Undergrad: 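Below is the structure I would like to discuss, written out as structure tokens.
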Amino acid sequence: MRTPIVAGNWKMNLGRSQAQELASGLRETAGKEKGVEVILCPSYTLLHVVHDAVQGSSVALGAQNLFWEEKGAYTGEVSASMLLDSGCSHVIIGHSERRQYFGETDASVRRRLVSALEAGLIPIVCVGETLEEREEGSTELVIERQISGALERFKPEDAAKIIIAYEPVWAIGTGRTATPVMAQEVHRMIRNWMAKTFGDDVAEGVRILYGGSMKPGSAAELMAQPDIDGGLIGGASLKVDDFTAIIQAAR
Ligand code: 13P
């Protein structure tokens with residue numbers, strides 16, 4: 001049995017007091033749910049606030065990105081060891097918004113992954129096709145290229161530590177969710193790729209999350225699919241009630 005994960009990607013939202021309020025609220029609700037791992041990923045500037053708000057509860061802290069160098073003259077960047085020092089256990093890597101706006105490639109995703117794993121952070125690596133790619137029938141090809149570009153040549157024991165998030169770009173922030181069948185198809189394909197590359201044990205254990213307009217109303221049906229092990233939530237993670245409802249659906 002894979003323990004489901006519900007992770008909130010707050011993206012570039014919220015100030016100190018709102019973050020404090022949201023995290024404390026979630027500590028009261030999400031912190032009490034058993035059988036689901038809950039991770040909050042605020043912006044760098046809010047890591048300390050959220051860390052203090054959830055400390056001592058079961059809610060984990062993650063960042064939205066990292067840079068692969070450990071320290072030095074890299075203005076504006078944050079390293080894996082800095083994230084650890086700020087209380088993070090997880091980090092999102094290769095989100096489509098980073099690929100789209102900040103030139104992230106499969107090769108740079110891989111470097112970030114290596115550095116996260118070396119530091120002992122658990123990476124949540126994101127993959128997903130654009131609408132154009134889906135419409136021309138190349139979804140499978142794109143996902144396989146992203147996942148093999150990022151993960152191939154890892155040792156199975158390292159691959160086993162990684163969480164994967166399938167986020168179809170056309171479903172992010174659009175209110176247009178993939179149907180459970182559509183999402184399951186891609187999740188299955190990812191698990192098959194993991195089995196072929198790293199063996200059945202790794203594939204059976206790896207958690208594959210769905211992301212893209214997941215809301216309380218669609219969460220249960222998506223997460224009931226055999227290969228969907230939770231969600232990476234954007235918009236709905238900014239509201240205590242909605243995010244809590246999704247966590248309850250995962251349970
Ligand atoms: P939305 O839930 O707002 O569509 O965002 C999904 C996402 O990108 C999470 O990383």
Side-chain angles (χ1 to χ4, degrees), residues 4-14 18-19 22 26 30 36-44 46-47 50 59-66 83 88 90-102 104 109 112-113 116 121-131 133-134 139 142-143 146-147 150 162-180 182-183 186-187 190 207-223 225 228-250:
I5 297 175
V6 177
N9 176 6
W10 292 5
K11 306 193 180 182
M12 199 172 74
N13 290 298
L14 309 185
Q18 296 162 306
L22 177 57
L26 288 170
V36 185
E37 289 176 29
V38 177
I39 309 160
L40 304 184
C41 305
S43 58
Y44 290 142
L46 298 172
L47 285 174
V50 176
V59 177
L61 184 66
Q64 298 173 15
N65 187 26
L66 56 66
L83 295 182
C88 290
H90 294 73
V91 60
I92 298 172
I93 294 180
H95 192 280
S96 64
E97 286 148 16
R98 299 231 41 101
R99 297 177 193 254
Q100 185 180 353
Y101 304 124
F102 304 99
E104 194 88 60
V109 166
R112 289 177 216 275
L113 267 177
L121 285 167
I122 303 172
I124 304 173
V125 60
C126 303
V127 296
E129 81 287 1
T130 62
L131 185 59
E133 289 162 341
R134 174 158 286 266
T139 299
V142 170
I143 305 293
Q146 291 174 340
I147 203 133
I162 294 170
I163 299 164
I164 298 171
Y166 167 55
E167 300 205 310
V169 177
W170 48 270
I172 296 177
T174 59
R176 200 176 150 194
T177 320
T179 66
M182 249 178 189
V186 178
H187 282 234
I190 294 172
R207 265 87 57 89
I208 309 176
L209 316 183
Y210 169 80
S213 298
M214 195 192 266
K215 306 283 181 228
S218 56
E221 211 190 336
L222 281 159
M223 293 190 286
Q225 299 298 312
I228 302 184
D229 307 310
L232 180 55
I233 322 297
S237 74
L238 299 172
K239 297 189 194 115
V240 174
D241 291 352
D242 285 359
F243 195 58
T244 303
I246 294 174
I247 294 162
Q248 285 163 347

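Just follow the structure's listing: the first ligand is 1, and inside any ligand the first atom is 1. Just so it is clear, the structure is predicted and the values come from calculations on it, not from any experiment.
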Undergrad: Hey, does E97 have a side-chain heavy atom less than 4.5 Å from the side chain of K11?
TA: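 Of all side-chain heavy-atom pairs linking E97 with K11, at least one is under 4.5 Å.
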Undergrad: Just by distance, do the side chain of T130 and the backbone of V169 share a donor-acceptor pair under 3.5 Å?
TA: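 Answer holds: no.
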Undergrad: Between S237 and N9, does a side chain to side chain contact (heavy atoms under 4.5 Å, CB included) hold up when you go through it step by step?
TA: CA-CA 7 Å; S237 74; N9 176 6; 5.6 Å; no
Undergrad: Counting only heavy atoms not in K215, do more than 12 sit closer than 6.0 Å to its NZ atom?
TA: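 Atom NZ in K215 is packed in, count exceeds 12.
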Undergrad: Does a sphere of radius 6.0 Å around CD in E221 hold more than 12 heavy atoms from other residues, nucleotides or ligands, not counting ones at 6.0 Å or beyond?
TA: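 Check fails, neighbour count at 12 or below.
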Undergrad: Check ligand 1 against the protein and report each N/O to N/O distance under 3.5 Å, formatted as atom name, atom name, distance.
TA:
residue	atom	partner	partner atom	Å
ligand 1	2 (O)	S213	N	3.4
ligand 1	2 (O)	G234	N	2.9
ligand 1	3 (O)	G235	N	2.8
ligand 1	4 (O)	G173	N	2.6
ligand 1	4 (O)	S213	N	2.7
ligand 1	5 (O)	K11	NZ	3.3
ligand 1	8 (O)	K11	NZ	2.8
ligand 1	8 (O)	H95	NE2	2.8
ligand 1	8 (O)	E167	OE1	3.4
ligand 1	10 (O)	N9	ND2	3.0
ligand 1	10 (O)	H95	NE2	2.9
ligand 1	10 (O)	E167	OE1	3.2
ligand 1	10 (O)	E167	OE2	2.8

Undergrad: Under 3.5 Å, is there a donor-acceptor pair between the H95 and Q64 side chains?
TA: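 No, no side-chain donor-acceptor pair sits under 3.5 Å.
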